[in-house]
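Just so we're on the same page: letters track the sequence lines, and every chain starts at 1.
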Amino acid sequence: MRQEASIAHVDLDAMFAAVEQRDKVSLRGRPVIVGGVAGRGVVSTASYEARAYGARSAMPTAEARRRCPSGTAFLSPRFAAYRKTSQVVMALLAEVSPLVEQVSIDEAYFDLAAAGRHDLSPDGLTALATRIKADIAAATGGVTASIGVGTSKLIAKIGSDLNKPDGLTVVAPGQEQELLYPLPVTRLPGVGPATAERLRRAGVHTIGGLAQVARADLLDWFGQAHGTGLYKLARADDDRTIVGEREAKSVSAEETFDVDLTDKTRLNTEIDLLATRVGGRLRTGGLSARTVTIKVRFYDFTTITRSITRAQPTDDPRLIAQLARRLLADVDTSAGIRLLGVGTTTLADFVQDDLFGTVDAVEATSRPDGAGQVEVTEHPAIATPVAGPPAWRPGQDVRHDEHGPGWVWGSGRGRVTVRFEGPTTSPGPVRTFPVDDPALHLTDPPDWTAPASQVVRPATDQALH
DNA sequence: TCTGGGGTCCTAGGACCC
DNA sequence: TCTGGGGTCCTAGGACCC
């Protein structure tokens, strides 16, 4: 928490709907819903006209249709248009402060002390924020913003929310608790339905009430991190800094189907599409990932995840798809799947995948971005090529004379780790061999040039007997 | 016609290593 | 030989945010 109110938070008002109303005159003054328009869609943004009828973000679109009158526009999102508008606003903020933290497409914190030239008195801040709001509306063609200014991120964020839309709240130093205490606990960031319910059972409804709860109780109810966080936030004790650039920690794609799916072949095709999207975005970002996760939401909304972590990162959609398919193979889909997702984590900003073996080294050299080449010079210990057959590539099908059929889990430093096929309900054992183990053979190498959906895998039946 | 899609962070248990 | 603690990695799930 700072001595002076120099942290600001901007939030564009009902941004998606506002952009649609800006771009189409006939939508102005009318209720507008932007979101999933199909059967299982939900509302991303409801214009203020639509909110008057009870439409809200995250509400099923079907519910919003029931509430809103005829004449309400239901629109699919146009992310390119929103991104462009967002960039205009962020560029404008960058002129105000050298330190801007974009939190989402329509939200940012910015540091008014870092610029060193702003009048940080309450009157000065009000004048400055008023000017920024006017500049945003002018630059975006009428999309309005709400701004909060205070001594911390918490106060700035709560302030921007206080007088929406087109709002402005400047909280002078010393007024923080006065502002917070009457508000419901749900206004605190980090207090969602589960936390609110636990607090309600303890008779705590307001932030002032929360500030009366003993620290030990909060730790007991919510654990170390969350408990400490609540204890401090309730007292307006917030030291979170403004972070300019953040690195992505995961890249994922998922899809909810119009009707539940049971067919593994169809689901595998969906995995290929999702993996293609994920791999493409990894490559665009110059990233690669070691962990592949699938997410499966069943007909009854219960959700599971399954993941595997490889020794080397990859950005290859075919490999991501192959690993994801193997994870899905052990999931019973017969009752119906409503959502399927493919995600990647443990991100690296390079690709090691292509560094083991001759064939792969050639492929790495031929990559237009030369990612594999850089790695050889920067990580010699890891990048030392392994002698032996070139195809100990993760996902590659193999057979061991003693253990039967399996597939390559990872390789490096003269060893190859093989996962052997197990019964469909549990993964098989993993064993590591020297790369030159004569008992280990390649089998039916997958065709890496074919779309993953057409890669033929050997039957696994023998492994079960 | 209940409940999207893209993320972040935390917890907890087991394996493994020192 | 037995006991134990700490640290890290991996996996799975859950809460939360926009």
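Between the CG atom of A:Asp258 and the P atom of B:dC2 there is a distance of 13 Å, given to the nearest Å. At whole-Å resolution of the value, CG in A:Asp260 and P in B:dT1 are 14 Å apart. Distance OH (A:Tyr82) to C1' (B:dG6): 16 Å, rounded to an integer number of Å. Rounded to an integer number of Å, the gap from A:Ile33 CD1 to B:dT1 P is 19 Å. Rounded to whole Å, atom P of B:dG7 lies 13 Å from atom CD1 of A:Ile105. Nucleotide B:dG4 holds its C1' atom 17 Å from the CD1 atom of A:Ile337, rounded to whole Å. One atom, NZ of A:Lys164, and another, P of C:dC18, lie 11 Å apart when rounded to the nearest Å. Counting to the nearest Å, the P atom of B:dC9 and the CD atom of A:Glu247 are 12 Å from each other.
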_Set out, in order, the CA-CA distance, both residues' side-chain angles and the distance that settles side-chain hydrogen bond (donor to acceptor under 3.5 Å, both in side chains) for A:Asp11 and A:Ser146, then state yes or no._
CA-CA 5 Å; A:Asp11 195 325; A:Ser146 294; over 6 Å; no
*Worked verdict on A:Glu49 versus A:Gln21 for side-chain contact (heavy atoms from CB on, under 4.5 Å)*: CA-CA 11 Å; A:Glu49 296 87 348; A:Gln21 291 176 320; 3.4 Å; yes
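With A:Thr45 contributing its side chain and A:Met15 its backbone, the two residues share no donor-acceptor pair below 3.5 Å.
A side-chain donor-acceptor contact under 3.5 Å links A:Asp300 and A:Thr302. Neither side chain, A:Arg290 nor A:Thr309, offers a donor N or O lying under 3.5 Å from an acceptor on the other.
In this structure, A:Leu327 reaches neither bases nor backbone, as no heavy-atom distance under 4.0 Å exists between it and the strands shown. Using a 4.0 Å heavy-atom cutoff across all strands shown, A:Val103 reaches no nucleic acid atom at all. If you check every strand for non-hydrogen atoms under 4.0 Å, A:Lys157 touches sugar and phosphate atoms only. Note on A:Arg66: a base of the nucleic acid sits closer than 4.0 angstrom, heavy atoms only. Among the atoms of the strands shown, only primed sugar atoms or phosphate atoms (P, OP1, OP2) are found under 4.0 Å from some heavy atom of A:Ala253. Using a 4.0 Å heavy-atom distance criterion, A:Glu254 is classed as a base contact. If you check every strand for non-hydrogen atoms under 4.0 Å, A:Val43 touches nothing. A:Thr195 comes within 4.0 angstrom of the backbone, heavy atoms only, and of no base. Within 4.0 Å (heavy atoms only), A:Arg290 reaches sugar-phosphate atoms of the nucleic acid but no base atom. Within 4.0 Å of A:Gly190, counting heavy atoms only, lie sugar-phosphate atoms of the nucleic acid but no base atom. In this structure, A:Arg246 reaches neither bases nor backbone, as no heavy-atom distance under 4.0 Å exists between it and the strands shown. Across all strands shown, A:Ile304 has heavy atoms under 4.0 Å from sugar-phosphate atoms exclusively, and none from any base.
For A:Thr256, a side-chain nitrogen or oxygen approaches OP1 or OP2 of B:dG5 to under 4.0 Å. Taking side-chain N and O atoms only, A:Ser250 has a distance below 4.0 Å to OP1 or OP2 of B:dT8. The side chain of A:Thr305 contributes no N or O atom lying less than 4.0 Å from OP1 or OP2 of C:dA12.
When distances run from any side-chain atom of A:Lys249 to the nucleotides C:dC16, B:dC9, B:dG4, the shortest one goes to B:dC9. The A:Ser44 side chain lies nearest to B:dG4 when the options are C:dC16, B:dG4, C:dT11. Among the nucleotides B:dG7, B:dT1, B:dG4, the one closest to the side chain of A:Arg65 is B:dT1. Nearest nucleotide to the side chain of A:Pro60, out of B:dG7, B:dT3, C:dC18: B:dT3. Across C:dC18, B:dG7, C:dT11, the shortest atom-to-atom separation from the side chain of A:Arg281 is found for B:dG7. Candidate nucleotides C:dT11, B:dG5, B:dG4 were compared by shortest atom distance to the side chain of A:Ser307, and C:dT11 ranks first. Nearest nucleotide to the side chain of A:Glu255, out of B:dG5, B:dT11, C:dC18: B:dG5. When each of B:dT3, C:dC18, B:dG7 is scored by its nearest atom to the side-chain atoms of A:Ser252, the top-ranked nucleotide is B:dG7. Proximity note for A:Val42 (side chain, C-beta onward) versus C:dA12, B:dT3, B:dG6: the nearest is B:dT3. Among B:dT8, C:dA12, B:dC10, the nucleotide with an atom closest to any side-chain atom of A:Arg306 is C:dA12.
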*Pairing annotation in dot-bracket form, given for DNA chain B with Watson-Crick or G-U pairs under 3.5 Å and | for cross-strand partners*: ....||||||||||||||
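For B:dC2 and C:dC18, the P atoms lie 28 Å apart once the distance is rounded to whole Å. Comparing the same atom, C1', in C:dC16 and in B:dG4 gives a spacing of 16 Å after rounding to whole Å.
In this structure B:dC2 sits in the syn conformation; its chi angle is within 90° of 0.
A:Lys157 and A:Asp238 are not joined by a salt bridge, as no carboxylate oxygen comes within less than 4.0 angstrom of a charged side-chain nitrogen. Salt bridge status for A:Asp166 with A:Lys133: present, with a side-chain N to carboxylate O gap under 4.0 Å. Taking the charged nitrogens against the carboxylate oxygens, A:Asp161 and A:Arg187 do have a contact shorter than 4.0 Å, which makes a salt bridge.
For residues 79-103 of chain A, every residue pair satisfying the side-chain hydrogen bond (donor to acceptor under 3.5 Å, both in side chains) rule, not counting sequence neighbours, is listed here: A:Glu20-A:Tyr82, A:Arg22-A:Thr85, A:Ser86-A:Gln102, A:Glu101-A:Lys153, A:Glu101-A:Arg246.
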Can you give me every donor-acceptor pair (side chain of residues 334-343 of chain A, partner residue at least two apart or in another chain, under 3.5 Å) with its distance?
| unit_1 | atom_1 | unit_2 | atom_2 | d |
| --- | --- | --- | --- | --- |
| A:Ser334 | OG | A:Asp332 | OD1 | 2.7 |

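Annotation: of the two residues near DNA chain B, A:Gly223 and A:Arg40, the 5′-most nearest-nucleotide partner is A:Arg40.
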